[in-house]
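The structure under discussion appears below in the form of structure tokens.
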Amino acid sequence: MKLKLILASALLALGVSAQAAPIVIKYSHVVADATPKGQSALKFKELAEKYLPGKVEVQVFPNSQLFGDGKEMEALLLGDVQIIAPSLAKFGKYTKQLQIFDLPFLFDDIKAVDRFQASKEGQALLTSMSSKGILGLGYMHNGMKQLSATRPLNNPADAKGLKFRIQPSDVIEAQFKAVGANPQKLAFSEVYQALQSGVVDGQENTWSNIYSKKFHEVQAAIMESEHGVIDYMVITNSGWWNGLPKDVQAGLKKAMDESIKFGNDIAINGSDEEKAKVIAANKAKVLKLSKQDLAAWRAAMLPVWKQFEGEIGADLIKAAQAANQ
Ligand code: LMR
């Protein structure tokens, strides 16, 4: 104590004011830097440290370096990481309502997803896990999902008997079962290996995830199915967040809103570019599905809606459909 006082007065005498150490904020995610989420996380670091100089230090960990799927949510609740942005398909343990985003062929495109997220019903979901200690800071886009496999899948019957890697979502599991395929829940960090070694035959993902993780190099065909969406909720530990000084909280929220917008612009405008890179790499064949084929996929997968209507809520599904304009 005495020593501290002496030190403080010595610093004061030198004209150095005692500055508290910055709050360290760990932001962990599972994708590459060169994706909408990766770019958004780096932008958040830049903006948060600009708006709160000396007050915060943001450390970004991409590619499941710090925590992968399965561990990151627990780590957030334990305080080992402060911000994560899991795909909306990874919240099943905490809420059933977010399963809405996994319903096949619910949203026409990413703009419809955006409208639903901005709606009263979509915004209410951000605080739907507060009793579990999880606070949603915002939604973030990636994009629509494409199917990939070891062979072309024009018709749902072509998927019969194939093994598909899926995110840990019961809705997605039901979606693949509906076409006679065998879904397997696997962490994102294990997908490339599983495809390469033949543990699974196919998967579903966005163009940026496919390209940045080289899935196109270990798949024969990618179908432009756009049958669902991979988007994120950026979340934090609500106890930690509520304990932050108000000015820090406000600065972080501003940085978060702006970094999400930055990432969303990349997601919306850059998806075609990622697709073009996959085509140019000339590894997997990229196949357009005819209107008829798409209608067959839709018809085969649609019964999944009824199956989960009770857990998700019919009204919420209606609100999401209304976003299709
Ligand atoms: C996946 O597991 O395929 C995606 O959710 C990964 C991600 O975060 O985009």
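The model shown is predicted, which means the values in this text are computed figures rather than measured ones. Each ligand, and each atom within it, is numbered from 1 in the order the structure gives. Only this structure's heavy atoms are used, side chains among them; waters, hydrogens and symmetry mates stay out.
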Side-chain donor-acceptor pairs of residues 310-325 under 3.5 Å, sequence neighbours excluded:
from, atom 1, to, atom 2, distance (Å)
E311, OE1, Q99, NE2, 2.8
N324, OD1, D108, N, 2.8
N324, ND2, L106, O, 2.8

For residues 279-287, which side-chain N or O atoms pair as donor and acceptor with protein atoms under 3.5 Å away, sequence neighbours left out?
none

Would you mind listing each N/O atom of ligand 1 next to any protein N/O under 3.5 Å, plus the distance?
from, atom 1, to, atom 2, distance (Å)
ligand 1, 2 (O), K90, NZ, 2.7
ligand 1, 2 (O), R165, NH1, 3.4
ligand 1, 2 (O), R165, NH2, 2.8
ligand 1, 3 (O), R165, NH1, 2.8
ligand 1, 3 (O), N205, ND2, 2.9
ligand 1, 5 (O), K90, NZ, 3.0
ligand 1, 5 (O), Q167, OE1, 2.7
ligand 1, 8 (O), K37, NZ, 2.7
ligand 1, 9 (O), N209, ND2, 2.9
ligand 1, 9 (O), Y232, OH, 2.4

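Ion pairing of D265 with K261 is present here, as a side-chain N (NZ or NE/NH1/NH2) and a carboxylate O approach within less than 4.0 Å.
Within the hydrophobic cluster formed by Ile, Leu, Val, Met, Phe, Trp and Tyr side chains joined at under 4.5 Å, directly or through other members, I266 is accompanied by F262.
In this structure, F61 has its ring center at least 6.0 angstrom away from the ring center of H29.
The cationic atom of K45 (NZ for Lys, CZ for Arg) does not lie both less than 6.0 Å from the six-membered ring centre of Y27 and within 45° of the ring axis.
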